[in-house]
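Right, one structure below, let's go through it.
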Amino acid sequence: MMDSTKYRVGYFPVEKKYNKWVEKDHIEKPPVWCSVDMRDGNQSLVIPMSLEEKLEYYKVLLDVGFKEIEVGFPAASETEYEFLRTLIDNNMIPEDVTVQVLTQCREHIIRKTFDACKGAPSAIIHFYNSVSVAQREQVFRKSKEEIKKIAVDGAKLVKKLAAEYEGNFRFEYSPESFTGTEPEYALEVCNAVLDVLEPSETNNVIINLPVTVEMSLPHVYASQVEYMCENLKYREFVTVSLHPHNDRGTGVADTELALLAGADRVEGTLFGNGERTGNVDIITLAMNMYSHGVDPKLDLSDMNRLVEAYERCTRMHVYERAPYAGALVFAAFSGSHQDAIAKGMKYRVEKDRHEWNVPYIPVDPKDIGRTYDADVIRVNSQSGKGGIGYLLEQAFGYNLPAKMREHFSYTCKDISDREHKELKPDEVLNIFKEHYLNLNSGIEITDFDFDHEGDKVKAHITFKKDGKETAMEAEGNGALNAINKALCAFTGKKYTLQVFTQHSMQGDGSRSVAVSYIGLERDGSMFWGAGTDTDVITASTKALLSAFCNMTKGDVK
């Protein structure tokens, strides 16, 4: 049996007055983004990235538009140190980009960090020490004053070395395990650090409030952040930063509510990679803002490229249901969902609407490089006529009449069910061609011409079967009607032509292709066929013969 009595509330709520964030209902502007993929994300990999992989991934982050990138913990390993030196020595840090490095509040580590950063055009020295109750009591076994002294001494050293080393440096301090710390004590430590660093208009300092381990509901963290924002010294010259992890699965909620509470900056990773359950997912955060009409100032327009680079460089996998980025997040297999999406898409076209409000799809997949045919409408045994028909129309240009769509959907679903697999768009097209398009019924129409007599049309038609040609004549109220009557007479079959539709489809060059669809009824059952040709009458005859072929498949010869 599981024993919940061993657990207790390990966090410290603040006074209820720090809840003004609840009055806000959306995020109005993006935060300053800092990618920690190269450090926090990298240190959590089973096999950390090589120098070459880190350089490749660094370029991806630049392309996305990150202006602050934590590139490593240079005192931790030779690869980390070498990577930073490669960026600096080869002038690979753009003018508008700041690299960030992490260091513990330990003198020899801070000194090696400055050695690695020497000559950096713009670098953030991010130093930290743990201040939580659990860390103070169990790990360091030090008093509050002793823990605060570690932070203050670290601040004094980074300030001193920044003045001695070549380079342009900013400072960031993190009270690690902030969520397990008494808020008033965390504030005391941060203010002591700020007193040393002396923030000013030309010396902006970052105070980072990490959710090192998620311990509370997101609203508790938001109120803790609001408390800090309202009580930090030098607030106008201090950037309040967030670094949420995802232990309770609410890292995104923590971040969004904390931004409402006054935070200015977010540290996270693409796709949420990081220690344990990971860091907050910047992709999800940015796309959530985008879906509310806020430009996140990150370029996520080629999501497939980001997924591919991430999976190759990190050897991790983006879960198929990961928000926005997963392979299946826009996919609709359900028939009712497909029908609603297809109708929503058509409604946008009919109304020429710029605003996106399609059922079941929160953002336009095309905005992030996805396609409707391959990513939205997916065909399996659960799919419906609306979705399958929409896929055929969007991907290949065939707009089947409603009843034919239904018949075609059952054909596809039966094949998917029988073969236990999803059908890709090309497979759907091949099924349409194999079962409906330009079929060989054993009967050919080798020649035809028409005489127009008032509102009547007389057709002169030559049929060919088993190598023998037969000339026929028939009169109808149009060319197709006359051809159909001639086919009835020639074959002796009794049926009714119930459905005929036609549209053009752009072909090669300047020529357009006519597509015809015909439904024949016999004994209460419908049989369908389609035909294509650059000549509209020929397309209609091909559709008629295709439907006739399907109708007579089981007939005794």
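- Side-chain atoms of S35 and E68 form no donor-acceptor pair, as typed in the model, at a separation below 3.5 Å.
- For the pair R370 (side chain) and A325 (backbone), a donor-acceptor distance under 3.5 Å is present.
- Taking CG from N438 and NZ from K542, the interatomic distance works out to 5.0 Å, rounded to the nearest 0.5 Å.
- T86 places none of its side-chain heavy atoms less than 4.5 Å from the side chain of Y58.
- A salt bridge links R312 with E308: the distance from a Lys NZ or Arg NE/NH1/NH2 to an Asp or Glu carboxylate oxygen falls below 4.0 Å.
- Between I518 and F548 there is no side-chain heavy-atom pair separated by less than 4.5 Å.
- Residues E256 and N288 have side chains that bring a donor and an acceptor to within less than 3.5 angstrom of each other.
- The closest side-chain heavy-atom distance from L300 to M287 is below 4.5 Å.
- Between the side chains of H503 and N399, no donor-acceptor pair of N or O atoms lies under 3.5 Å.
- Using a cutoff of 4.0 Å between basic side-chain nitrogens and carboxylate oxygens, K403 and E521 are not scored as salt-bridged.
- The closest side-chain heavy-atom distance from M526 to W528 is below 4.5 Å.
- Residues V97 and I93 approach most closely at O-CG2, 3.4 Å, considering heavy atoms.
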Audit row: V22, L260, side-chain contact (heavy atoms from CB on, under 4.5 Å) steps and yes/no: CA-CA 8 Å; V22 301; L260 294 180; over 6 Å; no
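- Of all heavy-atom pairs between G344 and P359, the closest is CA-CD, 4.0 Å.
- Residue pairs that meet the ring pair (Phe, Tyr, Trp, His ring centres under 6.0 Å) test with at least one member in residues 441-476, sequence neighbours left out, are F448-F450, F463-F490.
- Remark: side-chain polar atoms of D447 are not paired, donor with acceptor, to backbone N or O of I461 under 3.5 angstrom.
- Atoms CG and NZ, from L429 and K424 in turn, are 15.5 Å apart once rounded to the nearest 0.5 Å.
- Atoms CD1 and CG, from I431 and D426 in turn, are 11.0 Å apart once rounded to the nearest 0.5 Å.
- Listed for the R39 side chain is no donor-acceptor partner under 3.5 Å among the backbone atoms of E70.
- A side chain to side chain contact (heavy atoms under 4.5 Å, CB included) with P30 is found for exactly one of L259, L285, V294, L298, namely V294.
- A 4.5 Å side-chain heavy-atom check between Y324 and V363 finds at least one atom pair inside the cut-off.
- A salt bridge links K343 to D339: one of the charged nitrogens lies within less than 4.0 Å of a carboxylate oxygen.
- Taking both residues in full, the closest heavy atoms of A482 and G476 are given as CB-N, 3.8 Å, listed atom of the first, atom of the second, then distance.
- Between Y360 and H337, the ring planes lie parallel to each other; the angle is under 30°, not in the 30° to 60° tilted range.
- Using a 4.5 Å heavy-atom cutoff, the side chains of H317 and E320 are in contact.
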Verdict with supporting geometry, S512 and M505, side-chain contact (heavy atoms from CB on, under 4.5 Å): CA-CA 6 Å; S512 65; M505 186 167 61; over 6 Å; no
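- Annotation: side chain of V32 is not in contact with side chain of V266 (no heavy-atom distance under 4.5 Å).
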Walk me through it: do K421 and E427 pass the test salt bridge (charged side-chain N to carboxylate O under 4.0 Å, His left out)? CA-CA 11 Å; K421 71 172 188 176; E427 292 176 295; 2.6 Å; yes
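- Nearest heavy atoms, V71 versus V99: CG1-CG1, 3.8 Å.
- The backbone N or O of V358 sits nowhere less than 3.5 Å from a side-chain atom of R348 that would complete a donor-acceptor pair.
- Considering only residues two or more places apart in sequence or on other chains, K54 meets the side-chain contact (heavy atoms from CB on, under 4.5 Å) condition with M38, N42, M49, E80, F83.
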When the side chains of residues 271-278 are checked against the rest of the protein, which donor-acceptor pairs come out under 3.5 Å, sequence neighbours left out?
residue: N273; atom: OD1; partner: S44; partner atom: OG; Å: 3.4
residue: N273; atom: ND2; partner: G41; partner atom: O; Å: 3.0
residue: E275; atom: OE2; partner: Q43; partner atom: NE2; Å: 3.1
residue: R276; atom: NE; partner: D247; partner atom: OD2; Å: 2.7
residue: R276; atom: NH2; partner: T212; partner atom: O; Å: 2.5
residue: R276; atom: NH2; partner: D247; partner atom: OD1; Å: 3.2
residue: R276; atom: NH2; partner: D247; partner atom: OD2; Å: 3.3
residue: T277; atom: OG1; partner: N246; partner atom: O; Å: 2.8
residue: T277; atom: OG1; partner: D247; partner atom: N; Å: 3.0

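- No side-chain donor-acceptor contact under 3.5 Å links T179 and E214.
- Ring geometry, H407 versus Y436: the interplanar angle exceeds 60°, so the pair is classed perpendicular (tilted spans 30 to 60°).
- Pairs engaging residues 477-490 under the side chain to side chain donor-acceptor pair (under 3.5 Å) rule: N484-Y495 [sequence neighbours left out].
- A donor-acceptor contact shorter than 3.5 Å is absent between the side chain of D299 and the backbone of G65.
- Using modelled atom types, one side-chain atom of N440 and one backbone atom of G442 make a donor-acceptor pair closer than 3.5 Å.
- Ion pairing between K346 and E393 holds under the 4.0 Å rule for side-chain N and carboxylate O.
- Taking all atoms of both residues into account, the shortest heavy-atom contact from S441 to C549 is CB-CB, 3.4 Å.
- Residues C412 and F432 fail the side-chain proximity criterion, which asks for heavy atoms closer than 4.5 Å.
- Inspection of the H243 and D40 side chains reveals an N or O donor paired with an N or O acceptor under 3.5 Å.
- Summarising the geometry of Y221 relative to A258, their closest heavy-atom pair is CE2-CB, 3.7 Å, with the distance given to 0.1 Å.
- Residues passing the salt bridge (Lys or Arg N to Asp or Glu O under 4.0 Å) test with K464, sequence neighbours excluded: none.
- Sorted by first and then second residue, the side chain to side chain donor-acceptor pair (under 3.5 Å) pairs with a member in residues 21-34 read W21-S223; sequence neighbours excluded.
- A salt bridge is defined here as a Lys NZ or Arg NE, NH1 or NH2 lying under 4.0 Å from an Asp or Glu carboxylate O, and D254 with R248 fails to meet this definition.
- Salt-bridge annotation for E267 and R265: present, with a side-chain N of the basic residue lying under 4.0 Å from a carboxylate O of the acidic one.
- Panel note: side chain S416, backbone K413; no donor-acceptor pair is recorded below 3.5 Å.
- Remark: the backbone N or O of L439 is paired with a side-chain donor or acceptor of S546 at under 3.5 angstrom.
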Please test K456 against D451 for salt bridge (charged side-chain N to carboxylate O under 4.0 Å, His left out), starting from the C-alpha separation and ending with a verdict. CA-CA 8 Å; K456 296 293 184 182; D451 295 327; over 6 Å; no
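- Looking at Y398, its side chain never comes within 3.5 Å of a backbone N or O of V515 through a donor-acceptor pair.
- Here K297 pairs with D295 in a salt bridge; the nearest charged N to carboxylate O distance falls below 4.0 Å.
- Side-chain N or O atoms of D367 include none that pairs as donor or acceptor with a backbone N or O of S301 at under 3.5 Å.
- Atoms CG and OG1, from L45 and T314 in turn, are 5.5 Å apart once rounded to the nearest 0.5 Å.
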